[in-house]
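Each remark here refers to the structure printed beneath this line.
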Amino acid sequence: MPLEQKAAYLVGRPVGVALRNGQGVSGKLCGVQGGEVYVLQYLYASQFATFHYPFDQINDIYPYPDC
């Protein structure tokens, strides 16, 4: 399944995002727009922020497994 299609399917779910630079981020996938994914990430205390990542910087997106 192409990455863009996989991302659209996972909107609204908690995901892990593997970036091409070797780093990874996790959070709730809020949307896909303009060739980017928008991920709501936890910062600290009660603060969250939405970050965006272009598809060309993403290696894969993984849904969180069930508990």
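Side-chain atoms are counted along with the backbone in the values below, which use heavy atoms only and exclude waters and symmetry mates.
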| field | Between CD on residue Gln5 and CG on residue Leu10, distance to nearest 0.5 Å | value | 10.5 Å
| request: Return each pair, listed once, that meets salt bridge (charged side-chain N to carboxylate O under 4.0 Å, His left out) where at least one residue sits in residues 54-63; pairs must be two or more places apart or across chains. | output: Lys6-Asp60
Under 3.5 Å donor-acceptor pairs involving side-chain atoms of residues 24-33, not counting sequence neighbours:
| residue | atom | partner | partner atom | Å |
| --- | --- | --- | --- | --- |
| Ser26 | OG | Tyr64 | OH | 3.3 |

| query | Are Tyr38 and Tyr42 in one and the same hydrophobic cluster, where Ile, Leu, Val, Met, Phe, Trp and Tyr link if side-chain heavy atoms are under 4.5 Å apart? | reply | no
| message | Tell me the closest heavy-atom pair linking Ile61 and Ala7, and the distance in Å. | response | CD1-CB, 3.8 Å
| request: State, yes or no, whether a side-chain contact exists between Arg20 and Gln57 at a heavy-atom distance under 4.5 Å. | output: no
| field | Single-linkage hydrophobic cluster Phe55~Leu19, side-chain heavy atoms < 4.5 angstrom | value | yes
Side-chain donor/acceptor pairs under 3.5 Å, residues 44-51, sequence neighbours excluded:
| residue | atom | partner | partner atom | Å |
| --- | --- | --- | --- | --- |
| Tyr44 | OH | Gln47 | OE1 | 3.4 |

| query | To the nearest 0.5 Å, what is the distance between CG (Asn21) and CD1 (Ile58)? | reply | 11.0 Å
| message | Applying a strict under-4.5 Å side-chain criterion to I, L, V, M, F, W and Y, I'd like to know whether Val17 and Met1 cluster together. | response | no
